[in-house]
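Beneath this line is the structure, given in structure tokens, with notes to follow.
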Amino acid sequence: MGNHPPLSLNFNMILLLLFLLNLSFASAHINGFGEQPLSKISIHKTVVSLHINASLRASPSLLGIKGEDTEWVTVDLDYSNPSSDDWVGVFSPAKFNASSCPPNNDPKEQTPYTCSAPIKYKFVNETNPNYTKTGKSSLKFQLINQRADFSFALFSGGLSNPKLVAISNFISFANPKAPLYPRLAQGKSWDEMTVTWTSGYDINEAVPLVEWGLKGESLSKSPAGTLTFGRSSMCGSPARTVGWRDPGFIHTSFLKNLWPNSVYTYRLGHLLPNGKYIWSKSYSFKSSPYPGQNSLQRVIIFGDMGKAERDGSNEYSNYQPGSLNTTDQLIKDLDNIDIVFHIGDITYANGYLSQWDQFTAQVEPIASKVPYMIASGNHERDWPNSGSFYDKTDSGGECGVLAETMFYVPAENRAKFWYATDYGMFRFCIADTEHDWREGSEQYKFIEHCLATVDRQKQPWLIFAAHRVLGYSSDYYYALEGSFEEPMGRESLQKLWQKYKVDIGFYGHVHNYERSCPIYQNDCVNTEKSHYSGTVNGTIHVVVGGGGSHLSEFSQVNTSWSLYKDYDYGFVKMTAFNHSSLLFEYKKSSDGQVYDSFTVSRDYRDVLACVHDGCEPTTLAD
């Protein structure tokens, strides 16, 4: 072997290497860095090691006797060989042996004992620090009705090398198929409300319907459509393998010809072949105002909330730490909320389908009373070679199927998750950043049509929203790329925002809060910070991705356009008092208090006024 000169790196080469390293981390962050905790369990490596001196007992054995859809369960555990890495998993369906595995086409591959991930888990010693000495513990789990029975399994060997030590008795809800977790959404017209729910009843078992009417008046029944999907609809693992769980049946009813601003009551139902009805509990909602109606209208917007467990289950410990706080603050203020927008990264199920039921149960107090409108994010849609704009694996193989089926949105094609919706004096144009939005694309044409067709005299408040940051963000990784935005984000769209005088653009994806000045082409066009009046000469861009998931760091670069930053969990509330006055408030999820705000006061002529790149053509002709 010949002699080689020693390798030397000059300063510029070191900088280049550091830059490339940062870009690799940036790519991981921007495309959904963050591990779904259920994915930490190597369930396919499970070894059966049932121990004669290990036992689990779950009680009560029958849940929901009085119609409850959630109950607390106590699991008493006794094991003669305890260890600090012992954990208990909750399985549903209760029988989780290899018979439930998908067909194995590789004869050389050993069939595992189990190929279904638990729906949640806890380490035993977290609730009883003396467990390793006594071998005894009592765990409490909160279960929701998920259309199947449950069992609890004790594993040793930690999450990476699980050994099945003991299995509990089976428990179940009195009616596992009951209609549950209603989700309201705006229909395609202002006087239509949709109700979507989940049940275990296929259409050949029972007819789905909604009984509804004006509060205090006679009720009528409306039919519902039914959708479901199979394992083959998933694009990859884990959704197609260890994360798969039967989704049940998703029903949607369209309540039409609603009177504006009126309270309606409703309940979900299924008509059995014997003529008996299975009913949910009763709910109520207030119908939408007529587009342009001058009245008090209150809107909530946030992204990236995910879900969490009130029983302290480990599967989301330190993953969605702000989720419950955000949910609880909205529930607390629900009488002062008219509509909610959750702009992408809904559950962070990432291919573990059981988590969608958990999420719909968590938001039920909100979504059953006010429209809960969602947008598509990378954790709902992205999967290689599936038509998503980003060829990444962030959805865990769901490739949009869960979001498109579990929630209704008034899109022409729910596989293309962009839509317009009106609420009184607001027009909302909801984009789908997981499909191409650039000039010339199908979505770009939709966005321009949505912005161009609003009558600003009647609906002065024009809002654009999308998951990824198509506007401005001081996110650490965006700053490394030098763009302070999603690559290619605003280049095509900013001329539309300016031409049609969009008031505010909202984004998630980056897990913090940030507000820009009214801005166009990187320049602030207004020096005010807390009150804006007069001509609409630029769009305010707001990152509101602190709904619940792990927080995102800000860059150390202080940009001239950033007016307020908050490294915390929170959400935005907009209140339109009339056609001329709007209040914007950013609230922390921890206490519900306002930490950033501004007001807008203006007249219709201010919207019509000519601004740079936002002027209607004129002629000198008489």
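Hydrogens, waters and symmetry mates play no part in the numbers below; they use all other heavy atoms, side chains included. Small disclaimer: the values here were computed from a predicted structure and weren't measured.
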Compare all side-chain heavy atoms of His467 with those of Ser376 and state whether any distance is below 4.5 angstrom. no
Salt-bridged, Asp335 to Lys369, with N to O below 4.0 Å? yes
Could you check whether any side-chain heavy atom of Arg310 comes within less than 4.5 Å of a side-chain heavy atom of Asp328, counting everything from C-beta outward? yes
Checking side chain to side chain contact (heavy atoms under 4.5 Å, CB included) for the pair Phe584/Val572: CA distance, chi angles, key distance, verdict? CA-CA 7 Å; Phe584 173 105; Val572 161; 3.6 Å; yes
Angle between ring planes, Trp244 versus Phe229, binned at 30° and 60°: parallel, tilted or perpendicular? perpendicular
Taking the six-membered ring for Trp, are Tyr586 and Tyr513 parallel (under 30°), tilted (30 to 60°) or perpendicular (over 60°)? parallel
Non-hydrogen atoms of Trp437 and Glu486 that approach each other most closely: CH2-CG, 4.3 Å
Does Phe571 reach the side chain of Ser589, with side-chain heavy atoms less than 4.5 Å apart? yes
If you round to the nearest 0.5 Å, how far is OG of Ser199 from CG of Leu268? 9.5 Å
How long is the span from the CD1 atom in Ile463 to the CG atom in Leu451, to the nearest 0.5 Å? 11.0 Å
Are Arg602 and Asp503 close enough for a salt bridge, meaning some N to O gap below 4.0 Å? yes
Kindly compute the distance separating OH (Tyr348) from CD (Glu380), expressed to the nearest 0.5 Å. 8.0 Å
One should read off an interatomic distance between His435 NE2 and Phe417 CZ, to the nearest 0.5 angstrom, of 10.5 Å
Any Ile337 side-chain heavy atom under 4.5 Å of Arg298 side chain: no
Measure the OG1-CD1 distance between Thr539 and Ile519 for me, rounded to the nearest 0.5 Å. 10.0 Å
Is His342 close to Phe407 at the side-chain level, that is, under 4.5 Å between some pair of heavy atoms? no
Return each pair, listed once, that meets disulfide bond (SG atoms under 2.5 Å apart) where at least one residue sits in residues 321-416; pairs must be two or more places apart or across chains. Cys235-Cys399
Classify the angle between the aromatic ring planes of Phe428 and Phe426 as parallel (below 30°), tilted (30 to 60°) or perpendicular (above 60°). parallel
Among Gln362, Lys332, Lys307, exactly one meets side chain to side chain donor-acceptor pair (under 3.5 Å) together with Thr327. Which residue is that? Gln362
Hey, which of Asp382, Asp432, Asp304 is the one that makes salt bridge (Lys or Arg N to Asp or Glu O under 4.0 Å) with Arg468? Asp382
Between Phe484 and Trp561, how do the two ring planes meet: parallel, tilted or perpendicular, split at 30° and 60°? perpendicular
Can you sort out the partners of Tyr423 under side-chain hydrogen bond (donor to acceptor under 3.5 Å, both in side chains), two or more places apart, ordered by chain and number? none
Any side-chain to backbone donor/acceptor pair from Arg245 onto Leu353? Under 3.5 Å, distance only. no
Side chains of His509 and Asn378: closer than 4.5 Å at any heavy-atom pair? yes
Quick one: do the Trp461 and Gln297 side chains pair a donor with an acceptor below 3.5 Å? no
Return yes if some donor-acceptor pair links the side-chain N/O of Thr575 with the main-chain N/O of Leu583 below 3.5 Å, else return no. no
What's the shortest heavy-atom distance between Thr405 and Ile250, and which atoms? O-CG2, 3.2 Å
Do the non-hydrogen side-chain atoms of Phe554 and Glu514 ever get within less than 4.5 Å of each other? yes
May I ask you to check whether Tyr507 and Glu485 show a side-chain donor-acceptor distance below 3.5 Å? no
Are any of the side-chain nitrogens in Asp357 or Arg147 under 4.0 Å away from the carboxylate oxygens of its partner? yes
Measuring from atom CD of Glu404 to atom CD of Glu398, what distance do you get when rounded to the nearest 0.5 angstrom? 10.5 Å
Side-chain ion pair, Arg515 and Asp596, N-O less than 4.0 Å: yes
Is a side-chain N or O of Arg183 found less than 3.5 angstrom from the main chain of Thr360, in a donor-acceptor match? no
Partner of His541 under ring pair (Phe, Tyr, Trp, His ring centres under 6.0 Å), chosen from Tyr472, Tyr564, Phe506, Phe464: Tyr472
Under the criterion side chain to side chain contact (heavy atoms under 4.5 Å, CB included), I'd like the reasoning laid out for Val594 against Lys587: C-alpha separation, chi angles, the key distance, then a yes or no. CA-CA 4 Å; Val594 177; Lys587 299 184 176 186; 3.8 Å; yes
